[in-house]
Amino acid sequence: MHNDSAPETTAPHTVASGHAPAAAAPENQKLAPAARTTIIVLLIAAFVVILNETIMNVALPRLQETFGVTADTVQWLVTAFMLTMAVVIPTTGYLLRRLSIRTAFILAMALFSAGTLIAALAPIFGVLVFGRVIQATGTAIMMPLLMTTILDIVPPAKRGVMMGNVSIVISVAPAIGPTISGLILQYMPWRMIFFVVLPIAIVTLVLGARMLGRMTEETQQTATPLSFPSLLLAIPGFGLLVYGLSSLGGGHGAEGGTTAAAGPGATPFVALGIALVCLTVFTFMQLRLQRSDRALLDLRPFSYRPFTVSLLLMVMAMVALFGVIILLPMYLQTVRGLDPLATGLLLLPGGLLMGLLAPFVGRAYDKVGPRPLMIPGGALLVMVLAGYTQLTAQTPVWMLVVAHLVMSLSFALLFTPAFTTGLNPLPHHLHSHGSAVLSTLQQLGGAAGTALLVGIMASGTASAVAAGVGDLDAAVQGYQAGFLAATFFAAGVFALTFLMRKPVYEELADSQAVPAAH
């Protein structure tokens with residue numbers, strides 16, 4: 001693989017999108033105060049929006065009863081969020097090259113706050129879904145913005161620590177979301193889920209807009225037009241792909257059960273067929289447009305081997321992770337009879353552990369590179385998921401907590417090095433597109449993992465029932481089959497860890513430097 005014609009330079013680490021040179025840090029110096037402030041503000045905002053992503057799951061039974069809708073209908077509160085993320089994230093590569101950090105931040109948090117308010121006041125179910133869609137639009141902008149900004153203003157040799165902070169956001173926020181939601185629902189009306197988040201989002205928006213305004217950054221002056229044909233292909237392409245993958249698993253209902261046993265029907269396959277046609281045309285169109293820097297989603301990051309290998313590893317890890325974080329709560333509730341709050345509390349320590357370890361993993365990465373961290377992480381992941389295949393209806397709860405803690409340790413050792421190794425080699429003009437590609441395929445990996453593992457679990461359960469096995473034992477066999485599939489993906493992750501290489505920071509600095517912003 002090669003580095004795409006990175007221009008020669010006299011000002012390393014100046015942001016290509018016109019952000020202030022003052023925000024960049026020389027290779028051997030600490031980050032400038034403005035740069036550090038920027039990253040802290042974006043980390044807090046990202047934590048708020050990602051916390052919201054999983055806070056709804058526990059509330060689905062209550063909302064189903066409140067609005068008088070079916071389990072399949074109430075699931076659209078999750079599905080619509082995923083579809084919106086899948087459609088908006090691919091456009092952020094283009095968007096973030098045209099907007100300053102401050103403008104993109106205000107747009108993301110304003111959309112998220114507006115969606116939260118709409119959802120909190122929703123008089124009917126359709127308005128609640130609409131609010132979730134607006135929330136998802138802001139969320140979809142925030143994560144690529146955070147990663148792109150880190151790439152733009154943090155020198156390569158210090159990115160491990162910063163990506164460790166990103167891993168805190170990605171791991172802790174989803175882990176505590178269901179627990180917070182369970183606590184709220186235990187004592188308060190469901191609308192408080194949104195009214196608790198809303199003031200935090202508004203304060204973050206106001207303070208962030210003021211603090212980021214201290215940076216003398218200018219929006220990139222570019223004549224690159226928006227490719228509307230690309231946009232018209234991306235919307236059905238990515239949207240129907242996520243919808244098809246989600247539907248293949250039959251969905252996991254609000255009561256923690258599944259409807260997949262009856263089969264997904266023809267609709268998901270039609271959706272996937274249309275999606276593949278649209279994405280094939282979309283890909284060829286981007287390959288043509290990127291020659292003149294007019295692509296909606298530039299695909300040149302794939303020409304960098306570390307990016308491609310890391311991306312493949314992360315997608316496989318997301319398949320395993322999302323499948324497990326769906327299957328494990330379902331097992332705890334349907335087989336072990338735990339309520340949602342107890343389930344959230346049982347899984348909370350693992351998410352917190354992942355977050356606590358992330359900064360230390362980031363520092364270790366900056367010193368030793370990816371392999372000494374990722375190879376043990378991959379091995380632990382395989383062992384834990386293989387252990388999950390032996391779950392029974394009598395497995396002690398303390399063993400489940402320990403196994404979840406070890407699994408969280410494995411993901412802590414995998415995600416930060418994978419993020420950093422994959423994004424480090426990209427030159428400035430590809431930072432936003434690389435972040436968008438990464439975030440998009442993370443969403444697709446999560447949707448695919450959920451669909452595949454839930455589908456396998458449901459199929460295994462149905463087969464056991466057909467063979468005359470009792471309902472409880474049949475359910476256990478179904479979960480064992482789902483965890484076995486996750487183990488195969490973990491084995492693929494483990495194999496890819498041996499291909500990860502420690503970056504040479506001097507070469508990175510040379511390849512990423514760009515002319516000073518005017």
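Note that these values count all heavy atoms, side chains included, but never hydrogens, waters or copies made by symmetry. The structure displayed is predicted, hence computed values, not measured ones.
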For the [atom1] atom of [X] and the [atom2] atom of [Y], what is their distance to the nearest 0.5 Å?
{"X": "I456", "Y": "Q480", "atom1": "CD1", "atom2": "CD", "value": "14.0 Å"}
{"X": "M318", "Y": "L313", "atom1": "CE", "atom2": "CG", "value": "12.0 Å"}
{"X": "M285", "Y": "L299", "atom1": "CE", "atom2": "CG", "value": "12.5 Å"}
{"X": "S408", "Y": "L347", "atom1": "OG", "atom2": "CG", "value": "8.5 Å"}
{"X": "M457", "Y": "M330", "atom1": "CE", "atom2": "CE", "value": "3.5 Å"}
{"X": "M142", "Y": "S439", "atom1": "CE", "atom2": "OG", "value": "12.0 Å"}

To check you understand the geometry: which heavy-atom pair defines the closest contact between [X] and [Y], and what is its length?
{"X": "V465", "Y": "A474", "result": "CG2-CB, 3.6 Å"}
{"X": "G93", "Y": "S432", "result": "O-OG, 3.0 Å"}
{"X": "T148", "Y": "S435", "result": "OG1-OG, 3.2 Å"}
{"X": "A234", "Y": "L296", "result": "CB-CD2, 4.3 Å"}
{"X": "G244", "Y": "P268", "result": "O-CB, 3.7 Å"}
{"X": "V129", "Y": "A80", "result": "CG1-CB, 3.9 Å"}

Below 4.5 Å, heavy atoms only, C-beta onward: do [X] and [Y] meet side chain to side chain?
{"X": "F194", "Y": "L128", "answer": "yes"}
{"X": "I184", "Y": "I180", "answer": "yes"}
{"X": "P417", "Y": "M500", "answer": "no"}
{"X": "T395", "Y": "L400", "answer": "yes"}
{"X": "M163", "Y": "L423", "answer": "yes"}
{"X": "M143", "Y": "V166", "answer": "yes"}
{"X": "P349", "Y": "L405", "answer": "yes"}
{"X": "L413", "Y": "I375", "answer": "no"}

Would one find more than 12 heavy atoms of other residues, nucleotides or ligands at under 6.0 Å from atom [atom1] of [X]?
{"X": "F67", "atom1": "CZ", "answer": "yes"}
{"X": "F195", "atom1": "CZ", "answer": "yes"}
{"X": "M399", "atom1": "CE", "answer": "no"}

So, does [X] use its side chain to make a donor-acceptor pair with the main chain of [Y] at under 3.5 Å?
{"X": "R336", "Y": "A393", "answer": "yes"}
{"X": "T92", "Y": "L95", "answer": "no"}
{"X": "T283", "Y": "L279", "answer": "yes"}
{"X": "R371", "Y": "R501", "answer": "no"}
{"X": "R132", "Y": "L77", "answer": "yes"}
{"X": "S463", "Y": "S459", "answer": "yes"}

(message) Taking the six-membered ring for Trp, are F483 and Y331 closer than 6.0 Å centroid to centroid?
(response) no
(message) Parallel, tilted or perpendicular, judged at 30° and 60°: which one describes the rings of F419 and F415?
(response) tilted
Regarding [X] and [Y], is there a side-chain donor-to-acceptor distance under 3.5 Å anywhere?
{"X": "Y479", "Y": "T334", "answer": "yes"}
{"X": "Y365", "Y": "T421", "answer": "yes"}
{"X": "Q286", "Y": "S230", "answer": "yes"}
{"X": "T84", "Y": "T137", "answer": "no"}

(request) Mind running side chain to side chain contact (heavy atoms under 4.5 Å, CB included) on F125 and L63 for me, showing each step along the way? (result) CA-CA 9 Å; F125 183 76; L63 295 170; 5.5 Å; no
(message) Could you walk me through whether L346 and L332 satisfy the side chain to side chain contact (heavy atoms under 4.5 Å, CB included) test, starting with their C-alpha distance in whole Å, then the side-chain angles of each, then the deciding distance to 0.1 Å, before giving a yes or no?
(response) CA-CA 9 Å; L346 189 148; L332 291 170; 4.0 Å; yes
(request) Show your working on side chain to side chain contact (heavy atoms under 4.5 Å, CB included) between L272 and Y243 and close with a plain yes or no. (result) CA-CA 8 Å; L272 288 173; Y243 173 75; over 6 Å; no
Less than 3.5 Å apart, which donor and acceptor atoms pair up between the side chains of residues 378-387 and the rest of the protein, not counting sequence neighbours?
none

(request) Could you walk me through whether L185 and I193 pass the side chain to side chain contact (heavy atoms under 4.5 Å, CB included) test, one step at a time? (result) CA-CA 8 Å; L185 293 173; I193 291 176; 4.0 Å; yes
Identify each donor-acceptor pair in which a side-chain atom of residues 115-123 lies under 3.5 Å from a protein atom, sequence neighbours left out, and give them as a table.
from: T116; atom 1: OG1; to: F112; atom 2: O; distance (Å): 2.8
from: T116; atom 1: OG1; to: Q135; atom 2: NE2; distance (Å): 2.9

